[in-house]
There are 2 protein chains.
Amino acid sequence: MNQIKKKRHPLQGKQERYIQPSILLGLYGKPSYGYELIQNIQKFGFLKGQAPPGMIYRHLRQIEEDGLVLSEWDTEGTGPARRVYNITPEGEEMLAIWVEYMETQSKNLSSFIKQYKQRLKESG
Amino acid sequence: MNQIKKKRHPLQGKQERYIQPSILLGLYGKPSYGYELIQNIQKFGFLKGQAPPGMIYRHLRQIEEDGLVLSEWDTEGTGPARRVYNITPEGEEMLAIWVEYMETQSKNLSSFIKQYKQRLKESG
DNA sequence: ATATATATATGCTAATAGGATATATGTCAA
DNA sequence: TTGACATATATCCTATTAGCATATATATAT
């Protein structure tokens with residue numbers, strides 16, 4: 001009966017998974033659709049395993065509502081119809097903002113790790 | 001009436017703020033207490049401005065329940081009594097796990113940024 | 001006396017994630 | 001030709017977390 005504890009475990013809980021910028025970068029330069037993005041987005045490494053479909057589709061509809069992407073049905077080709085997304089100029093701006101933020105995070109993380117190792121050495 | 005939109009804005013919404021590892025590193029090698037940690041934790045750069053007190057105290061009690069820290073009241077000295085926290089061995093282990101995770105995130109972020117800049121150059 | 005800094009704590013609401021599940025279409029093999 | 005499977009999108013419910021306000025109390029400075 002330690003599921004309760006496990007649920008509270010920080011590294012099993014909510015982590016920054018960068019789903020929105022991953023979707024935007026996945027669409028940058030090349031239109032795509034939910035199912036394909038699910039396969040591609042995990043390559044960025046922020047998700048362990050496959051991206052949960054429900055969340056990807058929710059994100060896609062949300063960012064379309066926010067004007068970051070535009071979709072249209074693609075009934076051509078094989079298989080079920082696909083809702084194909086294109087990034088908008090607003091979406092590209094948002095991606096740039098995300099990248100700025102990620103650069104800051106990356107620097108903060110490096111600095112944090114450095115400080116940790118310093119203190120580890122001192123106490124070791 | 002665009003508060004609704006603003007609330008949904010990703011970079012104004014939930015970001016990874018690394019409060020738990022920041023508290024743990026803040027206690028690593030040196031006991032401290034809530035009010036002091038609030039001042040110190042912002043130096044890591046993950047929070048814009050001051051850390052929200054309510055969240056810090058909630059985190060502290062949570063991680064004590066999880067066995068990562070131990071507290072005792074310090075009624076000596078000036079001002080109101082302080083609940084002084086010490087990190088436990090379990091807390092140090094958890095911090096090490098956090099740092100591992102943060103190293104991974106840092107690498108993923110660098111890689112993401114690199115891919116973004118590559119595609120920007122191609123389309124530019 | 002009273003305003004301010006120090007110090008901890010709780011309550012309420014909104015946002016997000018997790019996970020299951022529903023629905024539908026086309027392909028392929030027995 | 002039917003049943004299994006891959007493709008593809010979408011929604012529902014609950015648990016977790018964040019955001020923010022506020023309560024409470026003590027010491028210090030004016």
Side-chain angles (χ1 to χ4, degrees), chain A residues 3-23 26 31-41 46-66 69 71-85, chain B residues 3-23 26 31-41 46-66 69 71-85:
Chain A
Q3 296 102 306
I4 301 122
K5 266 212 152 179
K6 279 203 173 174
K7 291 222 169 181
R8 289 218 187 105
H9 191 303
L11 295 181
Q12 289 171 340
K14 287 184 192 175
Q15 295 161 46
E16 182 71 289
R17 304 189 308 165
Y18 298 102
I19 292 178
Q20 184 175 122
S22 295
I23 291 173
S32 187
Y33 55 97
Y35 197 82
E36 189 178 55
L37 287 166
I38 290 168
Q39 326 296 320
N40 287 336
I41 277 177
F46 297 115
L47 305 162
K48 20 181 194 206
Q50 204 188 39
M55 213 171 322
I56 300 302
Y57 290 112
R58 250 187 293 151
H59 264 87
L60 284 168
R61 271 173 294 117
Q62 183 60 61
I63 65 178
E64 177 156 33
E65 201 181 302
D66 294 340
V69 295
S71 74
E72 43 189 28
W73 283 102
D74 173 14
T75 51
E76 321 260 316
T78 169
R82 302 161 172 174
R83 187 182 279 280
V84 175
Y85 288 86
Chain B
Q3 295 103 306
I4 300 121
K5 267 214 151 177
K6 280 204 170 172
K7 292 222 169 185
R8 289 217 186 107
H9 191 300
L11 294 182
Q12 288 170 340
K14 288 183 193 178
Q15 297 162 43
E16 182 73 288
R17 304 188 305 163
Y18 297 102
I19 291 178
Q20 184 175 122
S22 295
I23 290 174
S32 187
Y33 54 97
Y35 197 82
E36 189 180 53
L37 286 166
I38 291 167
Q39 324 298 319
N40 287 335
I41 277 176
F46 297 115
L47 305 162
K48 18 181 192 205
Q50 205 188 39
M55 214 171 318
I56 299 302
Y57 290 113
R58 252 187 292 151
H59 263 88
L60 283 168
R61 273 174 293 117
Q62 183 59 60
I63 64 178
E64 177 155 32
E65 202 181 301
D66 294 341
V69 295
S71 73
E72 43 189 28
W73 282 102
D74 173 13
T75 52
E76 321 259 317
T78 169
R82 302 161 172 174
R83 187 182 278 279
V84 175
Y85 289 86

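Numbers restart at 1 for each chain; the letters A, B, ... are given by sequence-line order, proteins then strands.
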>> Tell me whether A:Q39 at atom CD has more than 12 heavy atoms from other residues, nucleotides or ligands lying less than 6.0 Å away.
In response: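 More than 12 heavy atoms, drawn from other residues, nucleotides or ligands, come within 6.0 Å of this atom.
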
Nearest-neighbour nucleotide for the [X] side chain, [options] considered:
{"X": "B:T78", "options": "D:dT28, D:dA10, C:dT8", "result": "D:dT28"}
{"X": "A:R17", "options": "D:dA8, C:dG18, C:dT8", "result": "C:dG18"}
{"X": "A:P80", "options": "D:dT9, D:dT26, D:dT7", "result": "D:dT7"}
{"X": "B:M55", "options": "D:dT11, C:dA9, D:dA18", "result": "D:dA18"}
{"X": "B:H59", "options": "C:dA17, C:dA24, D:dA18", "result": "D:dA18"}

Smallest separation among heavy atoms of [X] and [Y], with atom names:
{"X": "B:I41", "Y": "B:L47", "answer": "CG2-CD1, 3.7 Å"}
{"X": "B:Y33", "Y": "B:V84", "answer": "CB-CA, 4.2 Å"}
{"X": "B:Y57", "Y": "B:G34", "answer": "CE2-CA, 3.7 Å"}
{"X": "B:I38", "Y": "B:A51", "answer": "CG2-O, 3.6 Å"}

Could you tell me how far apart [X] ([atom1]) and [N] ([atom2]) are, to the nearest whole angstrom?
{"X": "A:I38", "N": "D:dA10", "atom1": "CD1", "atom2": "P", "answer": "11 Å"}
{"X": "B:R58", "N": "C:dA7", "atom1": "CZ", "atom2": "P", "answer": "21 Å"}
{"X": "B:Q20", "N": "D:dT17", "atom1": "CD", "atom2": "P", "answer": "10 Å"}
{"X": "A:I56", "N": "C:dG18", "atom1": "CD1", "atom2": "C1'", "answer": "13 Å"}
{"X": "B:Q62", "N": "C:dA9", "atom1": "CD", "atom2": "C1'", "answer": "15 Å"}
{"X": "B:L37", "N": "C:dA7", "atom1": "CG", "atom2": "C1'", "answer": "12 Å"}
{"X": "B:Y57", "N": "D:dC20", "atom1": "OH", "atom2": "P", "answer": "19 Å"}
{"X": "B:I41", "N": "C:dA7", "atom1": "CD1", "atom2": "P", "answer": "15 Å"}

> Considering every strand shown, what is the Watson-Crick or G-U wobble mate of D:dT30 when both distances are under 3.5 Å?
Replying inline: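 WC or wobble partner is C:dA1.
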
> In terms of the nearest nucleotide of DNA chain C, which residue is placed more toward the 5' end: A:G77 or A:P53?
Replying inline: A:P53

>> Which is more 5' along DNA chain C, the nucleotide nearest A:G54 or the one nearest A:A81? Just name the residue.
In response: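 Taking each residue's closest nucleotide, the earlier one in sequence belongs to A:G54.
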
> For A:R82 and C:dT25, is the shortest distance between a side-chain N/O and OP1 or OP2 below 4.0 Å?
Replying inline: no

> Does B:Y33 make a side-chain N or O approach to OP1 or OP2 of C:dT8 shorter than 4.0 Å?
Replying inline: no

